[in-house]
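One structure below.
Every value quoted in this text rests on a predicted model; they were computed, and no experiment measured them.
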Amino acid sequence: MAGFINRAQQQRDHNGQRNICAADGHPGTEADPLVKTTDGWRVHLSDTTDPNSGFYGQQQGS
């Protein structure tokens, strides 16, 4: 999972929260894994595909 991770997300990763969504605090799952946003947060894939989410359309390219 290469790409940009911001400093705050790096700290979350180091604190054992790598698989915890920065938006809602719930773990990523097989059905709704975490992806990186354009500003470097890990959030659920559904957060980037839901037009009602503040992260809509912000998934980093692969």
- Message: Under the criterion side chain to side chain contact (heavy atoms under 4.5 Å, CB included), I'd like the reasoning laid out for Val35 against Gln60: C-alpha separation, chi angles, the key distance, then a yes or no.
- Response: CA-CA 8 Å; Val35 297; Gln60 286 185 31; over 6 Å; no
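- Counting only heavy atoms from C-beta outward, the side chains of Leu34 and His44 approach each other to under 4.5 Å.
- The minimum heavy-atom distance between Gln58 and Gly54, with the atom names listed, is NE2-O, 3.0 Å.
- In this structure, Asp50 CG and Phe55 CZ are separated by 12.0 Å, a value rounded to the nearest 0.5 Å.
- For Asp39, the side-chain hydrogen bond (donor to acceptor under 3.5 Å, both in side chains) test picks out Thr37, with sequence neighbours left out.
- Between the CZ atom in Arg12 and the CZ atom in Arg18 there is a gap of 12.0 Å [rounded to 0.5 Å].
- In this structure a side-chain-to-backbone donor-acceptor pair under 3.5 Å is present from Asn6 to Ala8.
- Qualifying side-chain hydrogen bond (donor to acceptor under 3.5 Å, both in side chains) partners for Thr29, counting only residues two or more places apart in sequence or in other chains: none.
- Across Ile20 and Gly25, no two heavy atoms sit closer than the pair CG2-O, 3.4 Å.
- Nearest heavy atoms, Asp32 versus Ser46: OD2-OG, 2.6 Å.
- Residues Trp41 and Gln9 approach most closely at CE3-OE1, 3.4 Å, considering heavy atoms.
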- Message: Run the side chain to side chain contact (heavy atoms under 4.5 Å, CB included) test on Ile5 and Arg42 for me, step by step, so that the C-alpha distance in whole Å, both residues' side-chain angles and the decisive distance to 0.1 Å come before the verdict.
- Response: CA-CA 8 Å; Ile5 296 291; Arg42 293 186 199 278; 3.7 Å; yes
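- Judged purely by atom type and a 3.5 angstrom limit, Asn19 uses its side chain to pair as donor or acceptor with the backbone of Gly28.
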